[in-house]
Amino acid sequence: MTTTWILNGLTIDPETGDTVKKHLKLENGLVAQWLDGSAEPDVGSAEAIDAAGKLVSPGLIDMHVHLREPGFEHKETIASGTASAAKGGFTTIACMPNTRPVIDTPDTVKLVLERAEAACGVRVLPYAAITKNELGRELTDFESLKSAGAIGFTDDGVGVQNAQMMKNAMALAKSLDMPIIAHCEDDSLVVGAAVSEGAFAKRHGLKGIPNESEAIHVGRDILLSEATGVHYHVCHVSTEQSIRLIKLGKSVGVNVTAEVCPHHLLLSDEDIPDSMDANWKMNPPLRTPRDVEACIKALEEGTIDIIVTDHAPHSEEEKAKGMERAPFGIVGFETAFPLLYTKFVKTGRWTLGFLLSRMTSDPARVFGLDTGKLEVGAPADITLIDLDGEREVDPASFLTKGRNTPFTGWKLSGWPTLTIVAGKTVWSEEQGILKSSEE
Ligand SMILES: [Zn+2]
């Protein structure tokens, strides 16, 4: 029997929303017991972690990440990506299939799971592609991909352009009780642009990506989800128009859920520096301040269900190609919680409990995971967070291979200090990554 105590940590009282001191006992990878802070637990020879002054949170869950392996190991590997996730406080991550080869065969699903198993211990849930090679021409073998361990289907990185193809995918996914996760983008409206249609594009004489390119797919797919009954999950929502459609879909009982990224809650196209720094280039692009406010409100009222990072590392050479030629994407694991905690909780707009639920229990609910809550008997996936200490974002300190972030130099608090998966510490501020394979 392996027993660990987490002593004197702070948890949120569900009644008052205040933080209260408690002791937590973990046994054999599960949450075993909570004791009041005034009690004196009999720790004996068990491992004891001093969490005084730290928040004891359920491990964070990120349902949209790019680990880049196989095929793009110069950007990230499963080892470096899971290490970065652990440092960001994430204990479960779901990785996108736009690797090379694309995750579109059972063998590739198994390869990702095996490499994740050999990495630091963060749980990795692979998505498989909807269409072979994400080319939109032929469906993959959903049944065998599910058997191999895929948790859902998505062609993330590109939209499925053909409506009949999407409808067939949804019908098949529904028959297997699996979700369809969609990157919503109509290629005929995108016109090869790098930024959103708006102030920045105008100022620099650039073509812009219009909001409709996202929302048209959202509307189409909500109708197809209604027709097929599938659980349809919208990736990285960024526009007011998409939100209107999701709200309508939910109001008539369509099984639609949605996610939003920290950068779409914090930055608009008006914030992009005139230096044309490609660390501000991502897909969907940064939209107008009006879209940003719509995303925040939609998350607050539950039209958007969860927060994801869309962690998308690229090499410095790739990002140095400039706004028009650099690839889309920014890294996300190691800044997500501190950004949102500092900008929304410390400012008083959100409660701590609200932010945590959108990054733990809500993603678990949407995707049917048994993690995301620290009830007795639940998996002991835990993140300790320092809510007070303030530090600047410094890409040189990242464990991800990517340095591509627009948040360099931001002064933030809410930094994770220790990450536990299934009762075992996988990362701590003092010791870094601890190999879980030493047993
Ligand atoms: Zn995407």
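Each ligand, and each atom within it, is numbered from 1 in the order the structure gives.
- Pairs passing the side chain to side chain donor-acceptor pair (under 3.5 Å) check and including a residue from residues 89-103, sequence neighbours excluded, read His66-Asn98.
- Ring-centre distance between Phe153 and Tyr127: not below the 6.0 Å cut-off.
- For the residue pair Lys75 / His314, a side-chain donor-acceptor distance below 3.5 Å is found, with atom types taken as modelled.
- Partners of Arg220 by salt bridge (Lys or Arg N to Asp or Glu O under 4.0 Å), not counting sequence neighbours: none found.
- Judged by distance alone, the side chain of Arg391 and the main-chain N or O of Lys411 form no donor-acceptor pair under 3.5 Å.
- For the ring-ring contact (aromatic ring centres under 6.0 Å, His included) condition, the pairs that include at least one residue of residues 172-213, sequence neighbours left out, are His183-His236, Phe200-His204.
- Inspection of the environment of the Zn ion (ligand 1) yields the following protein N, O or S atoms under 2.8 Å: Asp156 OD1, His183 ND1, His236 NE2.
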